[in-house]
Amino acid sequence: VQLQASGGGLVQAGGSLRLSCTASGRSFSTYGAGWFRQAPGKEREFVAAINRSGGDTRTADAVRGRFAISRVNAKNTVYLQMTSLKPEDTAVYYCAADRGPIFTGPARTEADYYDYWGQGTQVTVSS
């Protein structure tokens with residue numbers, strides 16, 4: 001499966017963005033999905049994850065209450081809605097897919113579970 005992330009850009013603090021991750025090559029419903037980010041000079045960190053059915057989601061403490069992950073399997077797309085953005089949210093955001101065998105299995109927060117990665121989209125939040 002190939003993943004294409006889009007929707008990044010430059011936004012002022014307090015603003016919103018919606019990232020999209022579209023899969024091609026295979027139905028996205030056969031994969032759990034996650035968003036990770038990496039800021040300059042920092043390690044990649046988990047942001048949010050969603051299981052295959054969309055019934056289980058996880059978000060990192062740093063973004064909980066501000067970011068929300070969702071999916072529309074019919075569109076082969078996973079979204080990350082980001083609100084109340086802060087300068088510390090500035091990073092390259094990556095979407096990833098994991099071959100979770102169970103449709104209603106848990107959303108995965110660890111990067112090692114993920115088998116496929118998109119190319120990343122830059123999010124810059126100005127103060």
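- Connection of Leu80 to Leu17 is established within a shared hydrophobic cluster, with ILVMFWY side chains joined at heavy-atom distances below 4.5 Å, either directly or through further cluster members.
- Under the salt bridge (Lys or Arg N to Asp or Glu O under 4.0 Å) criterion, Arg52 pairs with no residue, sequence neighbours left out.
- For residues 33-49, the salt bridge (Lys or Arg N to Asp or Glu O under 4.0 Å) pairs, not counting sequence neighbours, are Arg37-Glu45, Arg37-Asp89.
- Residue Tyr79 belongs to a hydrophobic cluster whose other members are Val72, with links defined by side-chain heavy atoms closer than 4.5 Å.
- Residues Tyr94 and Phe67 are members of separate hydrophobic clusters, defined by side-chain heavy-atom contacts under 4.5 angstrom among Ile, Leu, Val, Met, Phe, Trp and Tyr.
- Side chains of Ser16 and Met82 form no contact here, defined as non-hydrogen atoms less than 4.5 Å apart.
- Among residues two or more places apart in sequence or in another chain, the salt bridge (Lys or Arg N to Asp or Glu O under 4.0 Å) test is passed with Arg58 by Asp56.
- In plain terms, the two heavy atoms of Gly55 and Ser53 that are nearest each other are N-OG, 3.1 Å.
- One side chain, Arg64 or Thr59, offers a donor N or O that lies under 3.5 Å from an acceptor on the other.
- Using a 4.5 Å cut-off between side-chain heavy atoms of Ile, Leu, Val, Met, Phe, Trp and Tyr, with links allowed through other members, Tyr116 and Tyr113 fall into different hydrophobic clusters.
- Annotation for Gly8 and Leu19: closest pair N-CD2, 3.5 Å, computed over non-hydrogen atoms.
- Residues Phe28 and Val1 form no side-chain contact, since every pair of their non-hydrogen atoms from C-beta on lies 4.5 Å or further apart.
- Remark: Phe36 engages Phe46, Tyr114, Trp117 in a ring pair (Phe, Tyr, Trp, His ring centres under 6.0 Å) (not counting sequence neighbours).
- Partners of Ser70 by side-chain hydrogen bond (donor to acceptor under 3.5 Å, both in side chains), not counting sequence neighbours: none found.
- Grouping Ile, Leu, Val, Met, Phe, Trp and Tyr residues whose side-chain heavy atoms lie under 4.5 Å apart, directly or via other members, leaves Ile102 alone, with no other cluster members.
- The number of heavy-atom neighbours closer than 6.0 Å to CD of Gln12, taken from other residues, nucleotides and ligands shown, is 12 or below.
- Under the rule for a side-chain hydrogen bond (donor to acceptor under 3.5 Å, both in side chains), Arg18 has no partner lying at least two apart in sequence or in another chain.
- In this structure, Glu88 has no salt bridge (Lys or Arg N to Asp or Glu O under 4.0 Å) partners at least two apart in sequence or on a different chain.
- For Arg99, the side-chain hydrogen bond (donor to acceptor under 3.5 Å, both in side chains) test picks out Asp115, with sequence neighbours left out.
- Between the Thr121 side chain and the Ala5 main chain, no donor and acceptor come within less than 3.5 Å of each other.
- Residues forming a salt bridge (Lys or Arg N to Asp or Glu O under 4.0 Å) with Asp112 (at least two apart in sequence, or on another chain): none.
- Taking every heavy atom of both residues into account, Thr22 and Lys75 meet most closely at CG2-O, 4.5 Å.
- Note that OG of Ser84 is 7.0 Å distant from CZ of Arg66, once rounded to the nearest 0.5 Å.
- Atom CG of residue Leu85 and atom OG of residue Ser126 lie 10.0 Å apart, to the nearest 0.5 angstrom.
- In this structure, the separation between NZ on Lys86 and OG on Ser127 is 14.0 Å, given to the nearest 0.5 Å.
- With sequence neighbours excluded, no residue satisfies side-chain hydrogen bond (donor to acceptor under 3.5 Å, both in side chains) with Tyr31.
- In this model, no donor atom of one side chain and acceptor atom of the other lie less than 3.5 Å apart for Gln4 and Ser6.
- Residues Ile69 and Val78 form a side-chain contact, since some pair of their non-hydrogen atoms from C-beta on lies under 4.5 Å apart.
- Between the CG atom in Asn76 and the SG atom in Cys21 there is a gap of 10.0 Å [rounded to 0.5 Å].
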